[in-house]
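The block underneath contains the structure these notes are about, expressed in structure tokens.
Position 1 is the first residue of the sequence, and the numbers go up from there.
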Amino acid sequence: MKNILKTGSLGLILAVYSCQSVNTTKMFYEDVKPEKVSDQFSFTEGPSSDKEGNVYFTDQPNDKIYYWDWKTNKVIEFMNKTGRANGTHFDKDDNLITCSDDQGEIWKISKDKKVQVLLKGFEGKRLNGPNDVWNDEFGGMYFTDPLYVRDYWVNFKQETPHKSLYYRNKDGQISKLETFTQPNGVVGSEKFRKLYVSDIDAGKTYVYDILGEGKLSEKKLFCEMGSDGMTLDKHGNLYLTGKGVHVFNREGKKIYHIPIEEDWTSNVTFGGKNNEVLFITASKSVYTLPTRVRGVR
């Protein structure tokens with residue numbers, strides 16, 4: 001989530017981008033546009049899909065987590081008092097992992113709403129504010145820790161001078177992997193053995209090869225665009241957010257753009273019965289868009 005809510009119009013890009021090497025009609029329905037499901041929130045963020053295809057997301061200013069029930073197309077409140085949860089991701093046991101930045105923490109929340117604080121800091125110092133997280137096949141997690149000072153933080157004093165990507169293994173050991181200008185969105189794929197990290201203020205997204213448990217190759221520039229949140233489909237296309245949703249192929253070329261009529265599009269994931277519905281969080285609203293592709297689990 002960005003530091004402040006966008007108040008001015010960022011403009012609406014109406015053009016749809018494509019390239020000759022990709023037939024995007026095999027990915028998206030030409031006559032189907034994003035449907036607004038609800039606009040009852042202050043700022044939506046952090047969508048992630050559980051094993052049933054329901055999508056959980058956060059309303060950080062109101063300190064709540066909701067979920068979209070794909071069977072009824074309804075939004076239901078899941079939890080209040082979430083530690084100001086922002087980015088989320090489900091682990092292998094269907095627990096919701098949340099970047100709860102009120103105290104610079106990461107939480108594990110079970111479906112019956114039991115909370116376990118997985119980490120509170122690094123090397124005895126408070127983290128700036130964990131922002132986004134992705135759980136890997138080894139039971140560990142990669143997470144970003146930028147700095148967006150929130151107006152609801154009480155007596156905050158910055159203790160971590162850098163803004164970095166971290167890895168927490170299944171035993172709770174934490175390693176700092178790389179420092180960025182302002183790391184934000186992060187997503188990975190076991191299928192493709194890739195990890196993507198957005199450096200939003202630098203206007204760049206990077207890609208790593210996943211070499212093992214918490215082990216990454218040297219980063220490579222993926223594209224000249226930063227992103228608040230991101231997701232992947234089964235073909236390895238990467239979906240970035242900001243002014244709507246921008247889709248890049250595996251070579252880092254933009255192939256499609258989905259306009260969203262909101263000031264800011266914060267995040268995106270796949271959900272639904274067959275993991276084929278694109279769920280989009282944008283400013284005070286959430287949207288769904290049926291597609292011809294599926295997300296990667």
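- Hydrophobic clustering of Ile, Leu, Val, Met, Phe, Trp and Tyr side chains at less than 4.5 Å, counting indirect connections, unites Ile280 with Phe270.
- To the nearest 0.5 angstrom, Glu190 atom CD is 4.5 Å from Glu137 atom CD.
- Between the side chains of Tyr206 and Glu178, no donor-acceptor pair of N or O atoms lies under 3.5 Å.
- Between Arg294 and Asp233, no side-chain nitrogen of the basic residue sits less than 4.0 Å from a carboxylate oxygen of the acidic one, so the salt-bridge criterion is not met.
- In this structure, Lys51 fails the cation-pi test against Phe90, since its NZ or CZ atom is not both closer than 6.0 Å to the six-membered ring centre and inside 45 degrees of the ring normal.
- Side chains of Asn62 and Ser42: a donor on one and an acceptor on the other come within 3.5 Å.
- In terms of heavy atoms, Lys92 sits closest to Asp136 at CE-O, 4.0 Å.
- Note on Glu52 versus Lys273: no salt bridge recorded, every NZ/NE/NH1/NH2 to OD/OE distance being 4.0 Å or above.
- Between the side chains of Thr269 and Ser48, no donor-acceptor pair of N or O atoms lies under 3.5 Å.
- The hydrophobic cluster containing Phe279 does not contain Val32, counting ILVMFWY residues as joined when their side-chain heavy atoms lie under 4.5 angstrom apart, directly or transitively.
- Taking the six-membered ring where the residue is Trp, Phe143 and Tyr166 present parallel rings, their angle staying beneath 30° rather than reaching 60°.
- Asp132 and Thr144 share no donor-acceptor pair across their side chains, judged by distance under 3.5 Å alone.
- Rounding to the nearest 0.5 Å places CZ of Arg84 at 4.5 Å from CG of Asp63.
- Residues Ile76 and Val37 fall into different hydrophobic clusters, defined by Ile, Leu, Val, Met, Phe, Trp and Tyr side chains chained together at heavy-atom separations under 4.5 Å.
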After noting the C-alpha distance and the side-chain angles of Phe180 and Lys219, does the key distance pass the side chain to side chain contact (heavy atoms under 4.5 Å, CB included) rule?
CA-CA 11 Å; Phe180 297 85; Lys219 73 175 186 287; 4.1 Å; yes
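- Residues Cys99 and Pro130 come closest through the heavy atom pair CB-O, 3.1 Å.
- A donor-acceptor pair shorter than 3.5 Å cannot be found between the side chains of Asn128 and Glu159.
- Lys215 NZ to Phe138 CZ: the interatomic distance, rounded to the nearest 0.5 Å, is 9.5 Å.
- Side-chain atoms of Thr281 and Ser266 form a donor-acceptor pair, as typed in the model, at a separation below 3.5 Å.
- For the 3.5 Å distance criterion, the side chains of Thr25 and Glu30 fail to qualify, holding no donor opposite an acceptor.
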Go through the steps to decide whether Met141 and Ile106 satisfy the test side chain to side chain contact (heavy atoms under 4.5 Å, CB included), and finish with yes or no.
CA-CA 10 Å; Met141 63 183 69; Ile106 289 183; 4.0 Å; yes
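- For the residue pair Asn131 and Tyr148, no side-chain donor N or O sits within less than 3.5 Å of a side-chain acceptor on the partner.
- Between Lys64 and Glu77, at least one side-chain nitrogen of the basic residue sits less than 4.0 Å from a carboxylate oxygen of the acidic one, meeting the salt-bridge criterion.
- Tyr66 and Asp59 share no donor-acceptor pair across their side chains, judged by distance under 3.5 Å alone.
- Side chain to side chain, Tyr152 and Gln60 meet the donor-acceptor criterion of an N or O pair below 3.5 Å.
- Rounding to the nearest 0.5 Å places CD1 of Ile65 at 8.0 Å from CH2 of Trp107.
- Tyr239 and Met27 get closest at one heavy-atom pair: OH-CE, 3.7 Å.
- For Thr241 against Val268, the heavy-atom pair with the smallest separation is CG2-CG1, 3.8 Å.
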Could you go step by step and tell me if Leu289 and Ile258 meet the side chain to side chain contact (heavy atoms under 4.5 Å, CB included) rule?
CA-CA 10 Å; Leu289 177 67; Ile258 304 167; 3.8 Å; yes
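- Under 4.0 Å is where a charged nitrogen must lie from a carboxylate oxygen, and between Lys108 and Asp91 no such pair does.
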Output, in order, the C-alpha distance, side-chain angles, deciding distance and verdict of salt bridge (charged side-chain N to carboxylate O under 4.0 Å, His left out) for Lys163 and Asp145.
CA-CA 6 Å; Lys163 306 167 187 178; Asp145 183 51; over 6 Å; no
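- Tracing side-chain contacts under 4.5 Å through hydrophobic residues (I, L, V, M, F, W, Y), one never reaches Leu278 starting from Leu232; they form parts of separate clusters.
- Judged by distance alone, the side chains of Tyr287 and Glu262 do bring a donor and an acceptor atom under 3.5 Å apart.
- At a threshold of 4.0 Å, the pair Lys111-Asp94 counts as salt-bridged, since one of the basic side-chain nitrogens sits closer than that to a carboxylate oxygen.
- Looking at Asp228 and Trp264, their side chains do bring a donor and an acceptor atom within 3.5 Å of each other.
- Here the side chain of Asp50 pairs a donor or acceptor atom with the backbone of Gly53 at under 3.5 angstrom.
- Both Tyr56 and Val115 are members of a single hydrophobic cluster when ILVMFWY side chains are connected at heavy-atom separations under 4.5 Å.
- Cation-pi geometry between Arg126 and Trp153 is satisfied (NZ or CZ under 6.0 Å from the ring centre, within 45° of the ring normal).
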Run the numbers on Ser285 and Lys36 for side chain to side chain contact (heavy atoms under 4.5 Å, CB included), then give the verdict.
CA-CA 7 Å; Ser285 307; Lys36 183 184 292 186; 3.8 Å; yes
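- Of all the heavy atoms in Leu238 and Phe222, the pair that sits closest is CD2-CE2, 3.5 Å.
- Nearest heavy-atom pair, His257 versus Lys243, reported as atom, atom and distance to 0.1 Å: NE2-O, 2.8 Å.
- Atoms CD and CZ, from Glu45 and Phe57 in turn, are 11.5 Å apart once rounded to the nearest 0.5 Å.
- In this structure, the separation between CG on Asn237 and CG on Leu240 is 11.0 Å, given to the nearest 0.5 Å.
- Residues Thr205 and Ser227 bring no donor and acceptor atom of their side chains to less than 3.5 Å of each other.
- The number of heavy atoms from other shown groups lying within 6.0 Å of NZ (Lys191) is above 12.
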